Amino acid sequence: MPELPEVQTVINGLNNLVLGKEIKELVELRHNTIEWQIPVTNLGKIELITRRGKYIIIQTSKNYKLVIHLRMTGKLIFETNLNKTAVHIRAEIIFTDKTKLIFDDIRTFGKIQIMKSADEVEAFNRLGVEPLSLEFDEKYLGKILTKKTAPVKNILLDQQVIAGLGNIYAAEILYRCKLDPRKPGSKLKAADINKIVKYTKEILKEAIKNNGTTISDYRNVEDKTGEFQNFLKVYGKKNCECGAVISKIKQAGRSTYFCEKCQK
DNA sequence: ATTGCTTCCTGAGCGC
DNA sequence: TGCGCTCAGGAAGCAA
């Protein structure tokens with residue numbers, strides 16, 4: 001489900017709705033949803049909500065953090081109406097003012113980790129740069145891409161290279177670059193690498209502005225869909241704007257959509 | 001070291 | 001209507 005723009009949209013919503021609230025308790029409704037790295041009875045107030053790749057990090061006043069990954073179908077929905085029924089609730093974060101944040105997840109791949117603020121998240125050691133940071137530039141990407149023989153689409157999906165891209169945005173970025181997703185990284189020219197950097201930043205910013213992309217399950221904190229699906233050019237499309245039929249192939253087990261006429 | 005296949009799980013959509 | 005198959009925004013864990 002959610003890639004960087006969707007995760008950022010969720011975080012923006014959390015900043016509006018739950019920042020400053022005091023956590024009363026965490027309820028796990030399905031085993032293996034919450035991973036307590038240390039036992040905690042009083043988490044404190046929510047002080048800071050940030051993002052790293054596709055991870056949501058919630059810092060609290062008692063120096064703990066909740067690290068949440070939504071994976072494919074995870075949703076964080078702010079509920080004031082306690083009677084409203086959601087079908088796949090895996091955990092609830094209940095606040096002292098009786099409101100709650102519901103963690104709903106159909107496919108149960110999502111996780112919430114609880115740990116001390118100062119402790120490092122092991123998975124973060126394996127993450128590459130933030131695509132919207134200055135660190136993500138032609139020099140960084142060129143150095144990595146030219147050494148790899150894997151298809152450029154697979155490299156863009158690799159969280160160790162760029163943290164936050166997923167299947168939809170990788171497809172859209174390569175479409176805007178007019179690059180064939182099957183092209184090996186080592187075959188890319190300097191001009192191609194410049195385009196990838198430029199359009200990655202551009203597309204992610206546009207998607208965040210439009211509250212992310214909803215294909216099926218993704219919702220923001222207010223249970224609303226995003227709007228960027230209305231601007232997709234290639235993912236899930238039958239035809240390209242040029243009139244040609246969009247090809248759908250498998251790469252590393254994932255669907256890749258691209259236009260063989262426009263993307264070389 | 002790199003690449004890519006399989007796996008975790010549930011539900012929707014399709015053909016027969 | 002219903003069964004069985006394929007597919008789905010992710011990424012860890014393997015095997016080649």
Side-chain angles (χ1 to χ4, degrees), chain A residues 1-11 29-33 35 51-56 67-76 86-91 103-113 121-128 131 143-175 181-187 200 203-204 207-208 210-220 224-238 248-257:
Chain A
M1 152 218 178
E3 307 178 34
L4 188 152
E6 292 74 43
V7 175
Q8 188 59 52
T9 303
V10 167
I11 289 171
L29 298 165
R30 187 189 194 278
H31 68 284
N32 290 337
T33 303
E35 184 186 314
R51 182 185 60 71
R52 176 76 176 100
K54 298 172 194 168
Y55 290 83
I56 297 165
V67 180
I68 305 173
H69 199 303
L70 303 171
R71 293 290 187 108
M72 297 282 264
T73 54
K75 291 181 268 192
L76 284 172
V87 189
H88 308 288
I89 301 177
R90 307 305 182 195
F103 183 62
D104 183 281
D105 185 12
I106 298 171
R107 291 171 72 181
T108 74
F109 297 159
K111 291 281 176 289
I112 300 176
Q113 287 177 274
V121 183
E122 207 250 334
F124 289 7
N125 295 327
R126 295 188 292 272
L127 289 182
K143 211 171 169 183
I144 295 173
L145 275 180
T146 49
K147 274 190 285 191
K148 288 181 178 283
T149 56
V152 59
K153 158 88 177 329
N154 296 14
I155 301 171
L156 293 186
L157 280 183
D158 186 347
Q159 301 302 299
Q160 298 191 51
V161 179
I162 307 171
L165 295 186
N167 207 31
I168 295 177
Y169 294 106
E172 294 296 321
I173 289 162
L174 291 171
Y175 178 82
R182 297 169 297 185
K183 201 173 226 184
S186 56
K187 292 267 175 70
T200 295
I203 286 177
L204 292 178
I208 291 170
N210 285 281
N211 303 308
T213 301
T214 298
I215 296 296
S216 59
D217 299 300
Y218 168 68
R219 298 293 185 277
N220 70 7
K224 290 179 182 152
T225 64
E227 294 93 46
F228 196 69
Q229 63 277 14
N230 301 318
F231 301 98
L232 298 178
K233 297 286 189 198
V234 69
Y235 183 87
K237 299 291 176 191
K238 287 261 184 288
K248 186 184 179 188
I249 59 167
K250 280 259 181 249
Q251 286 185 293
R254 324 281 313 271
S255 296
T256 298
Y257 293 84

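Quick caveat: nothing in here was measured; it's all calculated off a predicted structure. Convention: sequence-line order gives letters A, B, ...; per-chain numbering from 1.
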Any [X] side-chain N or O less than 4.0 Å from OP1/OP2 of [N]:
X	N	result
A/H69	C/dA11	yes
A/N167	C/dG10	no
A/K148	B/dT2	no

query: Picking from B/dG4, C/dA11, C/dG10, which would you name as closest to the side chain of A/Q159?
result: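 Side chain of A/Q159 sits closest to C/dA11.
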Pick base, sugar-phosphate or nothing for [X], based on heavy-atom distances below 4.0 Å to the nucleic acid.
X	result
A/K248	sugar-phosphate
A/P5	nothing
A/N154	sugar-phosphate
A/Y235	sugar-phosphate
A/Q251	nothing
A/T149	sugar-phosphate

DNA chain B base-pair string [pairs: Watson-Crick or G-U under 3.5 Å; |: paired with another strand]: .|||||||.|||||||
Please state how far atom [atom1] in [X] lies from atom [atom2] in [N], giving the value in whole angstrom units.
X	N	atom1	atom2	value
A/E122	C/dA12	CD	P	9 Å
A/I144	B/dT2	CD1	P	10 Å
A/I215	C/dC7	CD1	P	17 Å
A/I168	C/dG10	CD1	P	7 Å
A/N125	C/dA12	CG	P	12 Å
A/Q160	C/dA11	CD	P	11 Å
A/R126	C/dG10	CZ	P	17 Å
A/K250	B/dT3	NZ	C1'	17 Å

- prompt: What interatomic distance, in whole Å, is found between P of C/dA11 and the corresponding atom of B/dG11?
  reply: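 Per the computed distance, 22 Å lies between those P atoms.
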Quiz question: by atom type and distance under 3.5 Å, do the side chains of [X] and [Y] form a donor-acceptor pair?
X	Y	result
A/K153	A/N167	yes
A/Q8	A/R51	yes
A/E6	A/Y169	yes

[X] side, atom [atom1]; [Y] side, atom [atom2] - distance, nearest 0.5 Å:
X	Y	atom1	atom2	value
A/Y55	A/Q113	OH	CD	7.0 Å
A/K248	A/Y235	NZ	OH	7.5 Å
A/I112	A/I68	CD1	CD1	4.5 Å

query: Taking all atoms of both residues into account, what is the closest heavy-atom pair of A/T108 and A/T73, and its distance?
result: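 For A/T108 and A/T73, the tightest heavy-atom pair comes out as N-OG1, 4.5 Å.
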Polar side-chain atom of A/E3 near backbone of A/A170 as donor-acceptor pair, under 3.5 Å: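 Pair absent, no side-chain N/O of A/E3 close to backbone of A/A170.
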field: Heavy-atom donor-acceptor pair, A/T214 side chain to A/G226 backbone, under 3.5 Å
entry: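 Yes, because the side chain of A/T214 sits within donor-acceptor range (under 3.5 Å) of the backbone of A/G226.
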Base-contact (B) and sugar-phosphate-only (S) positions in nucleotides 8-13 of chain B, heavy-atom cut-off under 4.0 Å, - elsewhere: BBBS--
message: Against A/P5, only a single residue in A/T213, A/L204, A/N211, A/I168 fulfils side-chain contact (heavy atoms from CB on, under 4.5 Å); can you say which?
response: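 So the option named by the test is A/L204.
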